[in-house]
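Numbers here are sequence positions counted from 1.
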Amino acid sequence: MKIEIKDNCPLNNFEPCKKFDCAWFCQMKGKDPNTGEDVDEYSCVVAWLPILLVENASQIRQTGAAIESFRNEMVKSNKENAISLIKKVDKNLLK
């Protein structure tokens, strides 16, 4: 079931949409974050906000996961370096 949305503008006192005469009417190209389907259509920026917010949240989650993974690798590397440095210092003290 596809819901038909009325063609009125909340930015213009709910008058009919001005389409290409409005600066907020733009083309979006890319992939729908919910379905993965290609998107290439014109619509009001206000109407695109929910989709853009979902995509933004997804990108933030992915970035957070990548940063956490990088941090874990750095902690592991720093620990290994500290252990090898301590071993090296201990060998020099025993001489």
Side-chain angles (χ1 to χ4, degrees):
M1 174 178 163
K2 183 165 177 141
I3 298 173
E4 291 296 322
I5 300 170
K6 291 183 180 179
D7 191 21
N8 56 15
C9 178
L11 303 172
N12 192 23
N13 295 325
F14 296 98
E15 296 289 324
C17 180
K18 294 181 178 182
K19 305 233 185 269
F20 294 104
D21 290 334
C22 178
W24 290 48
F25 195 77
C26 68
Q27 182 182 25
M28 292 292 285
K29 289 185 177 185
K31 297 242 182 231
D32 186 319
N34 296 320
T35 63
E37 295 177 4
D38 287 334
V39 174
D40 183 8
E41 60 185 83
Y42 286 88
S43 186
C44 180
V45 172
V46 176
W48 286 114
L49 279 177
I51 292 173
L52 294 174
L53 289 170
V54 167
E55 177 63 16
N56 188 43
S58 173
Q59 293 297 322
I60 289 171
R61 276 192 299 277
Q62 290 176 6
T63 301
I67 290 170
E68 182 179 0
S69 176
F70 178 73
R71 178 221 171 258
N72 292 340
E73 289 298 317
M74 292 305 299
V75 167
K76 180 181 170 185
S77 176
N78 287 342
K79 191 176 195 178
E80 290 170 358
N81 287 340
I83 289 170
S84 67
L85 183 60
I86 289 169
K87 287 179 182 178
K88 192 173 187 178
V89 169
D90 284 345
K91 286 180 184 178
N92 288 339
L93 290 176
L94 294 175
K95 288 183 181 179

Fill in: Shortest non-hydrogen contact between Leu11 and Trp24, atoms and distance
CD1-CE3, 3.5 Å
Discussion item. Going by salt bridge (Lys or Arg N to Asp or Glu O under 4.0 Å), name the residues that satisfy it together with Asp7, two or more places apart in sequence or in a different chain.
Written reply: Lys19
Worksheet item: CD1/Ile67 to CG/Asn72 distance, rounded to the nearest 0.5 angstrom?
Response: 12.0 Å
Worksheet item: Quick one: does Cys9's side chain get under 4.5 Å of Phe14's, heavy atoms only?
Response: no
Discussion item. How long is the straight-line distance from NZ of Lys88 back to CD1 of Ile83, given to the nearest 0.5 Å?
Written reply: 15.5 Å
Give every donor-acceptor pair under 3.5 Å between a side-chain atom in residues 37-47 and any protein atom, sequence neighbours left out.
from  : atom 1 : to    : atom 2 : distance (Å)
Asp38 : OD1    : Lys31 : NZ     : 2.8
Asp40 : OD1    : Gln27 : NE2    : 2.7
Tyr42 : OH     : Gln27 : OE1    : 3.4

Worksheet, complete the sentence: In terms of heavy-atom contacts, Cys26 and Trp48 come closest through O-NE1, 4.0 Å
Worksheet item: Which residue pairs pass the ring pair (Phe, Tyr, Trp, His ring centres under 6.0 Å) test with at least one member in residues 50-69, sequence neighbours excluded?
Response: none
Worksheet item: What residues, two or more places apart in sequence or in another chain, satisfy side chain to side chain contact (heavy atoms under 4.5 Å, CB included) together with Gln59?
Response: Glu55, Gln62
Worksheet item: Which pairs with one or both residues in residues 73-82 pass side-chain hydrogen bond (donor to acceptor under 3.5 Å, both in side chains), sequence neighbours excluded?
Response: none
Worksheet item: How far does CG of Asn12 sit from NZ of Lys18, to the nearest 0.5 angstrom?
Response: 4.5 Å
Worksheet item: For Phe70, what residues pass the side chain to side chain contact (heavy atoms under 4.5 Å, CB included) criterion, not counting sequence neighbours?
Response: Met74
Discussion item. Can you tell me how far apart CG (Asn56) and CG (Leu52) are? Round to the nearest 0.5 Å.
Written reply: 8.5 Å
